[in-house]
Amino acid sequence: MLNEDTALIVIDVQNDFCTGGALAVPDGEAVVPLINAMLPDYGVRVFTQDWHPSDHSSFASQHSGKQPFETVSMDYGTQVLWPDHCVQGTHGAAFHADLLTDPADLIIRKGFRKSIDSYSAFFENDQQTPTGLMGYLRTRNVQKVTLAGLATDFCVAYSALDAARLGFEVTVDLRACRAIDLDGSLTSALSDLAQNSVRVVT
Ligand code: VGL
Ligand code: ZN
């Protein structure tokens, strides 16, 4: 194990974010063999699952007259509206079949409250409601985290920025991430990471 005090956090490698899925990230499934190969090198392994009720407020289908990828204003700020995706218990919400999930110490689910989305593995989109991951990592004495998965510019970036804000030493392995890239979101996410001392591996 190369990184005994480091957690690998595998973000949302679920069928709906892979080819053929409801919110397919271009080439999303390409991360699977890379992540599988990374797992043995980390002392702590956490996987996340985007896990929405079927009437989740981030779905365009719940807002009359709105199309996917338009935005709405919520109490907690601007929210992008997505196609229905990662509905609890569906095939789309399941991990990609080739992802090795047995090594997971913890699987954390997020986005399960109807009225609020959660991109980050640490806090919901109000940036306040915790998922519990912070406490888990701190009580396991983790100092450093490496992130990989989907999508670079949403759940991976938000998770990395929260981890940095919480004082973890953060690396994003971009080789094992793929992006949605909506209206320049990838460029802006990469610049946010750089400005917040997140190390990026390419
Ligand atoms: C994600 C959009 C909506 C992600 C999740 O995993 O990056 N993006 N829900
Ligand atoms: Zn989602």
Side-chain angles (χ1 to χ4, degrees), residues 8-32 35 46-63 66-72 74 76-96 99 101 107-127 129 131 133 145 147-163 170 172-174 176-190 192-193 198 200:
L8 178 63
I9 306 179
V10 177
I11 304 288
D12 298 359
V13 182
Q14 294 166 266
N15 291 319
D16 270 343
F17 297 122
C18 297
T19 301
L23 179 43
V25 177
D27 205 26
E29 58 283 354
V31 305
V32 170
I35 290 168
V46 177
F47 290 61
T48 69
Q49 254 177 324
D50 208 35
W51 197 250
H52 300 308
S54 60
D55 59 352
H56 194 252
S57 58
S58 76
F59 296 170
S61 62
Q62 302 301 304
H63 301 263
K66 289 286 184 182
Q67 295 302 312
F69 311 110
E70 292 180 0
T71 58
V72 286
M74 303 284 209
Y76 54 83
T78 303
Q79 171 71 49
V80 179
L81 296 176
W82 303 106
D84 293 16
H85 66 279
C86 296
V87 173
Q88 297 170 1
T90 63
H91 173 77
F95 289 115
H96 187 286
L99 185 70
T101 56
I107 295 174
I108 195 133
R109 288 171 168 169
K110 59 184 181 63
F112 51 74
R113 285 191 184 83
K114 173 185 160 150
S115 60
I116 183 166
D117 205 2
S118 186
Y119 294 149
S120 165
F122 292 92
F123 295 99
E124 300 190 13
N125 283 8
D126 60 2
Q127 298 186 294
T129 308
T131 62
L133 182 57
V145 300
L147 292 107
L150 307 171
T152 317
D153 40 348
F154 287 91
C155 293
V156 174
Y158 277 70
S159 299
L161 292 169
D162 278 347
V170 187
V172 173
D173 193 330
L174 283 181
C177 295
R178 291 295 182 276
I180 295 174
D181 205 8
L182 190 65
D183 295 330
S185 57
L186 179 58
T187 305
S188 98
L190 293 177
D192 290 346
L193 295 178
V198 173
V200 158

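When reading the values below, keep in mind they use all heavy atoms of this one structure, side chains included, and skip hydrogens, waters and symmetry mates. Counting starts at 1 for both ligands and their atoms, in listed order.
Considering only heavy atoms from C-beta on, Ile9 comes within 4.5 Å of Leu133 through its side chain. Between Gln49 and Gln14 the shortest side-chain heavy-atom distance falls below 4.5 Å. Trp82 places a side-chain heavy atom less than 4.5 Å from the side chain of Phe154.
For ligand 1, the atoms closer than 4.0 angstrom to any heavy atom of His85 are 3 (C), 9 (N). Shown in contact with Cys155 at under 4.0 Å from a heavy atom are these atoms of ligand 1, numbered in order with element: 1 (C), 4 (C), 5 (C), 6 (O), 7 (O). Below 4.0 Å from some heavy atom of Asp12 lie the following atoms of ligand 1, by number and element: 4 (C), 6 (O). The Trp82 neighbourhood of ligand 1 comprises atoms 2 (C), 3 (C), with distances under 4.0 Å to a heavy atom of that residue.
Where the criterion is an N or O separation shorter than 3.5 Å, residue side chain and backbone included, Asp117 fails it with respect to ligand 1. Where the criterion is an N or O separation shorter than 3.5 Å, residue side chain and backbone included, Ala151 meets it with respect to ligand 1.
Under 4.0 Å from ligand 1, the heavy atoms of Leu150 that appear belong solely to its backbone.
Residues Ala121 and Ile11 share a closest heavy-atom pair of CB-CD1, 4.1 Å.
The aromatic rings of His56 and His52 lie parallel to each other, their planes meeting at an angle below 30°, with 60° marking the opposite boundary.
Taking CE from Met74 and OG from Ser58, the interatomic distance works out to 7.0 Å, rounded to the nearest 0.5 Å.
Take the Zn ion (ligand 2) as the corner point: the lines to NE2 of His52 and to NE2 of His85 open at 90°, to the nearest 10 degrees.
The shortest contact between atom 5 (C) of ligand 1 and any protein heavy atom is with Asp50 OD2, 3.1 Å.
Metal site remark for the Zn ion (ligand 2): Asp50 contributes an N, O or S atom at a distance under 2.8 Å.
With hydrogens and angles ignored, the 3.5 Å screen pairs no side-chain donor or acceptor of Asp27 with any backbone N or O of Ala30.
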